[in-house]
Amino acid sequence: MLAWIPMILTLLLDVILCSWRRGTRTLLLWVTGVAWLLFYPNTPYLITDLLHVFAQYPYLEEPHFWGNPYFWEHVLGMLLVAFLGLTMGFVSLESIRQLVQRARGGLVSWLFVVVVLLLSSLGIYIGRFFRGNTWDIVSAPSQLYAQVSSIWVDSLQRAHFVEFSGLIFVILLVSYMSAMSIIWMGNICRNDWRSR
């Protein structure tokens with residue numbers, strides 16, 4: 001459900017851009033854009049929910065979990081949800097990237113993508129290991145700040161944070177670039193076909 005919020009906010013940004021007057025539009029774009037940024041990590045977060053499937057099927061039991069048909073029902077269902085979350089997230093991110101590109105240019109739009117995916121990786125870490133969520137930014141900011149600050153105190157936790165967030169960032173960036181490359185190649189082929 002939370003993965004739909006960034007998608008809805010993306011559509012709202014398009015509506016605001018097309019239909020509001022300039023003064024009011026700027027304020028609404030910023031407020032909606034910040035809300036989008038806060039909720040965006042929920043879309044890729046779904047890939048970490050796969051751990052719930054494996055927690056139900058102990059590895060050392062006989063027969064092994066991969067022989068259990070219920071395992072495959074669970075894991076394939078979770079993969080579908082994770083894939084849909086990533087897809088909605090990438091569609092949403094690409095739409096926002098195009099808005100940023102129109103406003104600030106291509107280089108800024110790509111820097112924007114990198115920053116969003118980095119922040120999302122940090123958000124996923126906070127959500128998975130501290131059980132934090134988007135609402136905590138408003139409802140419990142001091143607790144969230146204390147949790148994030150604790151990362152830097154313990155060297156093992158800091159190393160885990162950097163490793164996990166870095167791996168998630170690479171996965172998100174490669175996945176996003178792969179998905180967009182397919183779309184861009186399709187558009188180039190389509191434009192080439194139309195020009196003939």
Side-chain angles (χ1 to χ4, degrees), residues 1-7 9-10 30-60 65 74-75 77-97 100 107-181:
M1 184 64 188
L2 288 175
W4 278 98
I5 294 175
M7 199 68 190
L9 290 170
T10 300
W30 274 103
V31 170
T32 309
V34 168
W36 175 85
L37 183 61
L38 294 176
F39 281 97
Y40 182 80
N42 291 305
T43 61
Y45 178 84
L46 295 168
I47 60 176
T48 67
D49 278 343
L50 285 168
L51 74 90
H52 298 300
V53 176
F54 290 94
Q56 294 180 6
Y57 299 93
Y59 180 75
L60 297 175
F65 66 89
H74 291 149
V75 78
M78 288 303 295
L79 278 172
L80 175 63
V81 169
F83 179 75
L84 289 174
L86 279 175
T87 302
M88 286 192 303
F90 291 158
V91 168
S92 175
L93 180 57
E94 177 60 13
S95 178
I96 303 295
R97 187 198 68 77
V100 172
L107 179 61
V108 173
S109 74
W110 286 107
L111 288 173
F112 173 79
V113 167
V114 169
V115 168
V116 167
L117 295 180
L118 266 174
L119 291 173
S120 295
S121 302
L122 305 180
I124 291 168
Y125 183 90
I126 292 166
R128 178 50 57 206
F129 296 102
F130 294 133
R131 303 306 301 148
N133 62 56
T134 305
W135 306 110
D136 290 342
I137 294 168
V138 175
S139 65
S142 58
Q143 178 185 348
L144 190 62
Y145 177 78
Q147 289 173 332
V148 171
S149 298
S150 73
I151 294 170
W152 306 112
V153 176
D154 180 11
S155 61
L156 285 175
Q157 188 175 9
R158 185 171 54 245
H160 180 254
F161 165 75
V162 169
E163 185 179 310
F164 179 87
S165 299
L167 186 57
I168 292 290
F169 171 73
V170 168
I171 289 168
L172 294 179
L173 184 63
V174 168
S175 299
Y176 175 76
M177 294 304 296
S178 299
M180 292 306 108
S181 296

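The shown structure was predicted, so the numbers you read here are calculated from the model rather than taken from an experiment. Values reported hereafter were calculated over all heavy atoms of this structure, with side chains retained and with hydrogens, waters and symmetry mates removed.
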Taking the side chain as C-beta and beyond, is there a heavy-atom pair between [X] and [Y] under 4.5 Å?
X	Y	answer
Leu119	Leu37	yes
Leu93	Phe112	yes
Ile47	Ile168	yes
Ser178	Val174	yes
Ile124	Thr48	yes
Gln157	Phe129	no

Spacing of [atom1] belonging to [X] relative to [atom2] belonging to [Y], to within rounding of 0.5 Å:
X	Y	atom1	atom2	answer
Met177	Trp110	CE	CH2	4.5 Å
Leu173	Leu118	CG	CG	8.5 Å
Ser165	Ile126	OG	CD1	8.0 Å
Trp4	Asn42	CH2	CG	14.5 Å
Arg128	Tyr45	CZ	OH	3.5 Å
Ile5	Leu38	CD1	CG	11.0 Å

Specify the closest pair of heavy atoms between [X] and [Y], including all atoms of both residues, with the distance to one decimal.
X	Y	answer
Phe169	Val114	CE1-O, 3.7 Å
Phe130	Ser150	CZ-OG, 3.9 Å
Met88	Met7	O-SD, 3.6 Å
Pro44	Pro41	CD-O, 3.3 Å

Self-check item: side-chain hydrogen bond (donor to acceptor under 3.5 Å, both in side chains) partners for Ser120, two or more places apart
Solution: none
Quiz item: What residues form a side chain to side chain contact (heavy atoms under 4.5 Å, CB included) with Trp152, not counting sequence neighbours?
Solution: Arg158, Phe161
Self-check item: Contact list for residues 140-155, test salt bridge (Lys or Arg N to Asp or Glu O under 4.0 Å), sequence neighbours left out
Solution: none
Self-check item: Ser121 side chain vs Leu117 backbone, donor-acceptor pair below 3.5 Å
Solution: yes
Quiz item: Hey, does the side chain of Tyr40 reach the backbone of Gly89 with a donor-acceptor pair shorter than 3.5 angstrom?
Solution: yes
Self-check item: Ser92 and its side chain to side chain contact (heavy atoms under 4.5 Å, CB included) partner, picked from Thr43, Thr10, Thr87
Solution: Thr10
Self-check item: Test side-chain contact (heavy atoms from CB on, under 4.5 Å) applied to Leu86 and Leu46, step by step
Solution: CA-CA 8 Å; Leu86 279 175; Leu46 295 168; over 6 Å; no
